[in-house]
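One structure below.
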Amino acid sequence: MTWGGTGVAIVLIVGAVLYLTRSTPARSPFVTSLQKGEYRAVPNACRAVGATTLGQYLPGTQRTIQPFNYPAQSQCTDTVDAKPVFRVLNMMMQAYLPAAYIAFENGSATANATYTYAQQRQLLVRPPKRSPNPPAVITAIAGLGQQALSALQVFHGKLASDRVTVLVRYRNVLITASLEAQESGGFGPVSISELRSGALAVAQQLLAAVQAGPTVS
């Protein structure tokens, strides 16, 4: 074997050793795509609740506003303002995407929704400083989605009002239904139980609309 041949053989051997001993890139522990059974989109919030339910808990002429309606996020607000009734129903649904930056569990869409559910609960219990919202009294709700709660907030002052919010998580979707009633300035009265029943009924219909939609296969 000539020196030239020997040199080639050495290069080949070194190359083979480097190839066989090279480090394998570490796989990311985070999920970066929607998983089977998760939702890519949510229904239109302004069309998800029946007229009978709306008429029962918002008696009178309703004014509807839709701040936004995107495939993954939809919000709708119905208001009745005719003495003695002043009520505001706010409905929102959002399908979350994977988010490794939250560093929660595996960063999947469901993990993102679970994390956000906990954050929203905390904001209800302890609103930020200078927030006009009072701390809420939280009650867990069983059998609604995979996580659910109702939150009661009582607003004092010249425009006294009560608000009940029902927050639901189902897979990677968060559903919020809040029903508020003013009880001063010639409006009211309204019972807390009625507000809670209304927010719960709306949340149940929003959840049913989500569940009727297609999931990732």
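Position 1 is the first residue of the sequence; numbering continues from there. Fair warning: this is a prediction, and the values are worked out from it, not measured in the lab.
For the residue pair Gln182 / Asp81, no side-chain donor-acceptor distance below 3.5 Å is found, with atom types taken as modelled.
Formation of a donor-acceptor pair under 3.5 Å by the Gln153 side chain with backbone atoms of Pro134 is found in this model. Side-chain atoms of Glu183 never come within 3.5 Å of backbone atoms of Gly188 as a donor-acceptor pair (strictly under, hydrogens ignored). Under a 3.5 Å cut-off, the side chain of Ser108 and the backbone N or O of Pro98 do not form any donor-acceptor pair. For the pair Thr114 (side chain) and Thr110 (backbone), a donor-acceptor distance under 3.5 Å is present. No side-chain donor-acceptor contact under 3.5 Å links Arg169 to the backbone of Gly145. A donor-acceptor distance shorter than 3.5 angstrom exists from the side chain of Asn172 to the backbone of Tyr39, with no hydrogens or angles considered. Not a single donor-acceptor pair under 3.5 Å links the side chain of Ser131 to the backbone N or O of Pro127. Not one N or O on the side chain of Lys158 forms a donor-acceptor pair closer than 3.5 Å with the backbone of Ser184. No donor-acceptor distance shorter than 3.5 angstrom exists from the side chain of Asn69 to the backbone of Asn44, with no hydrogens or angles considered. Although no hydrogens or angles enter the test, the distance criterion places a donor-acceptor pair under 3.5 Å between the side chain of Gln205 and the main chain of Gly50.
Hydrophobic clustering, with ILVMFWY side chains joined whenever heavy atoms are under 4.5 angstrom apart, groups Leu200 together with Leu207. The same ILVMFWY cluster, assembled from side-chain heavy atoms under 4.5 Å apart, contains both Leu89 and Val210. One hydrophobic cluster, built from ILVMFWY side chains closer than 4.5 Å, holds both Met91 and Met93. In terms of hydrophobic clustering, with Ile, Leu, Val, Met, Phe, Trp and Tyr side chains grouped at heavy-atom distances under 4.5 Å, Val190 and Leu58 are assigned to a common cluster. In terms of hydrophobic clustering, with Ile, Leu, Val, Met, Phe, Trp and Tyr side chains grouped at heavy-atom distances under 4.5 Å, Leu179 and Ile192 are assigned to a common cluster.
The distance from atom CG of Leu152 to atom CG of Leu195, rounded to the nearest 0.5 Å, is 8.5 Å. Once rounded to the nearest 0.5 Å, the distance linking OG1 of Thr215 with CG of Leu34 reads 10.5 Å. We find the OG-CD distance between Ser197 and Gln56 to be 8.5 Å, quoted to the nearest 0.5 Å.
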(message) I'd like to know whether Gln62 forms a side-chain contact (heavy atoms from CB on, under 4.5 Å) with Leu54, so could you lay out the CA-CA distance, the side-chain angles of the two residues, the decisive distance to 0.1 Å, and finally the verdict.
(response) CA-CA 9 Å; Gln62 300 162 15; Leu54 293 176; 3.8 Å; yes

(message) What verdict does the side-chain contact (heavy atoms from CB on, under 4.5 Å) test give for Asp78 and Cys76, after you've listed the backbone C-alpha separation in whole Å, the side-chain angles of each residue and the deciding distance to 0.1 Å?
(response) CA-CA 7 Å; Asp78 285 330; Cys76 186; 4.3 Å; yes

(request) Run the numbers on Val80 and Thr61 for side-chain contact (heavy atoms from CB on, under 4.5 Å), then give the verdict. (result) CA-CA 6 Å; Val80 173; Thr61 302; over 6 Å; no

(request) Begin with the C-alpha distance, continue with both residues' side-chain angles, and end with the deciding distance and a verdict on side-chain contact (heavy atoms from CB on, under 4.5 Å) for Glu180 and Asp162. (result) CA-CA 6 Å; Glu180 182 173 350; Asp162 301 319; over 6 Å; no

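Minimum heavy-atom separation, Thr64 to Cys46: CG2-SG, 3.8 Å. Closest approach of Ala95 and Val42 over heavy atoms only: N-CG1, 3.7 Å. The nearest pair of heavy atoms linking Asn90 to Gln75 is OD1-NE2, 3.0 Å. Contact between Thr53 and Ala201 at its shortest, heavy atoms only, is CG2-CB, 4.2 Å. When all heavy atoms of Asn112 and Ala99 are compared, the closest pair comes out as ND2-CB, 3.5 Å.
Between Leu206 and Val49, the closest side-chain pair of non-hydrogen atoms falls below 4.5 Å. Looking at heavy atoms from C-beta onward, Tyr57 lies out of side-chain contact with Val202 at the 4.5 angstrom threshold. Taking the side chain as every heavy atom from C-beta outward, Thr176 and Thr165 approach each other to under 4.5 Å. Between Val125 and Ile138 there is a side-chain heavy-atom pair separated by less than 4.5 Å. Side-chain contact between Met92 and Ser74 is absent, with no heavy-atom pair separated by less than 4.5 Å. Using a 4.5 Å heavy-atom threshold, the side chains of Gln120 and Leu167 count as touching. Within the 4.5 Å cutoff, side-chain heavy atoms of Val166 are placed close to those of Ile141. Side-chain atoms of His156 and Val154, non-hydrogen and from C-beta on, do get closer than 4.5 Å to each other.
Residues in residues 107-135 take part in these ring pair (Phe, Tyr, Trp, His ring centres under 6.0 Å) pairs, two or more places apart or across chains: Phe104-Tyr115. Counting only residues at least two apart or in different chains, salt bridge (charged side-chain N to carboxylate O under 4.0 Å, His left out) contacts with residues 193-214 comprise Arg87-Glu194. Screening residues 161-217 for ring pair (Phe, Tyr, Trp, His ring centres under 6.0 Å), with sequence neighbours left out, gives Phe86-Phe187.
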